[in-house]
There are 2 protein chains.
Amino acid sequence: MRVLGIDPGSQSTGFGIIDHDETRYKVRAFGTIKPSRRLPFHLKLNEIARGVEEIIVAHSPDEVAIESPFYAQNIKTAIALGQVRGAVLVAVASTGRPLAEYSALEIKKAVTGYGRAEKQQVNTMVKALLNVEEEVETDASDALAAAICHLNTRMFQKSVEESAAGGKR
Amino acid sequence: MRVLGIDPGSQSTGFGIIDHDETRYKVRAFGTIKPSRRLPFHLKLNEIARGVEEIIVAHSPDEVAIESPFYAQNIKTAIALGQVRGAVLVAVASTGRPLAEYSALEIKKAVTGYGRAEKQQVNTMVKALLNVEEEVETDASDALAAAICHLNTRMFQKSVEESAAGGKR
């Protein structure tokens, strides 16, 4: 199973693609989409949406995972974050890929065991879990963390289904 | 000149298209895009984005006008509004049409002379200004108001340019 995790941000939208073959994770790609700073805002959003579509076409993930926004510092940043998220969601929807959403707490807990971990702790744990030695931007590690959270959920669901099927025998 | 005004909303996104031929406004179309209630949120956003693209293709406006969001009741509604707005902006950007943004205050002032007018007052004034006798949903009249605001701005810019050109003679 291949999962694309996305961490939307107006200056930098992180992405990370992970394969899971029953026993282990394998990172396929990660990085950030950074729209040109001089563009008007709606054209930045379009660059982000096109970037997400291109990643989905290039890597063909089975499913997509993204953080649910429940928090922002103020109304202005909430609207800005919402707009980038809207652009990303439209891009995902246009490719027809199933989308799963997780709270920041669930995602942080999945990779660090602690729901209030800092971005840098998430970064360190994601790199350790995925055996990545090179530098990973924190927006990309947040995206990889969303993908890990979704894969864990899927693996758990699968093991529950299998034990239920086993119990019926 | 033909202008499309858009008023983004997750349950109902208003739109209105107005032609201006130097002397008067002529309404070409108006209405609302209402995504299916049962759809997951990201598919609703996609329906809104596709709807906006279809309207632009069908009516070929020269420019698009939209309200700038500066206000929301709370963080949750700000994020929700932002997401719909992001979907709309991506749709506009993908068609390459120029986009103009106005504050709610500017738009209300353009049609009622009063920046704090209620939606119903905007509705009444928009219908009177455009000679529309049929029922107009308030989301559609807000969209038409944004288009009027943009046309007024453009006409004013044009008259300033013309008088400047006249002064040089």
Side-chain angles (χ1 to χ4, degrees), chain A residues 4 6 8-11 13 33 35-36 39-54 56 63-104 146, chain B residues 4 6 8-11 13 33 35-36 39-54 56 63-104 146:
Chain A
L4 163 63
I6 306 177
S10 58
Q11 285 173 27
T13 288
I33 303 167
S36 325
L39 283 180
F41 188 69
H42 68 298
L43 299 184
K44 281 187 189 172
L45 290 185
N46 198 38
E47 276 202 359
I48 295 168
R50 293 295 89 80
V52 169
E53 282 176 11
E54 281 167 22
I56 292 177
E63 300 185 359
V64 180
I66 191 169
E67 192 178 306
S68 304
F70 285 118
Y71 172 77
Q73 281 184 301
N74 55 51
I75 298 287
K76 203 180 153 190
T77 57
I79 291 171
L81 173 64
Q83 290 181 118
V84 179
R85 206 169 181 275
V88 168
L89 293 185
V90 163
V92 173
S94 74
T95 67
R97 289 307 191 285
L99 180 77
E101 302 192 44
Y102 297 94
S103 69
Chain B
L4 164 64
I6 306 178
S10 58
Q11 285 173 27
T13 289
I33 303 168
S36 325
L39 283 180
F41 187 70
H42 68 298
L43 300 184
K44 280 188 188 170
L45 291 185
N46 198 38
E47 276 201 0
I48 295 168
R50 294 295 89 79
V52 168
E53 281 176 10
E54 281 167 21
I56 293 177
E63 299 185 359
V64 181
I66 191 170
E67 192 178 304
S68 304
F70 283 120
Y71 173 77
Q73 280 185 301
N74 55 50
I75 297 288
K76 203 180 154 189
T77 57
I79 292 172
L81 173 65
Q83 290 181 120
V84 179
R85 206 169 182 276
V88 168
L89 293 185
V90 164
V92 173
S94 74
T95 67
R97 291 303 192 285
L99 179 77
E101 303 191 44
Y102 298 94
S103 69

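Order of the sequence lines fixes the chain letters, A, B, ..., with proteins taken first and strands second; residue numbering starts at 1 for each chain.
- Here the straight-line distance linking atom CD1 of I75(A) with atom OG1 of T77(B) works out to 6.0 Å at 0.5 Å rounding.
- For chain B, the nearby part of A49(A) is the side chain; its heavy atoms alone come within less than 4.5 Å.
- When the side-chain hydrogen bond (donor to acceptor under 3.5 Å, both in side chains) test is applied to E63(B), the partners found at least two apart in sequence or on another chain are H150(B), R154(B).
- For residues 78-88 of chain A, a heavy-atom distance under 4.5 Å to chain B picks out A78(A), I79(A), G82(A), Q83(A), R85(A), G86(A), A87(A), given by residue number.
- The closest side-chain heavy-atom distance from S94(A) to R50(B) is below 4.5 Å.
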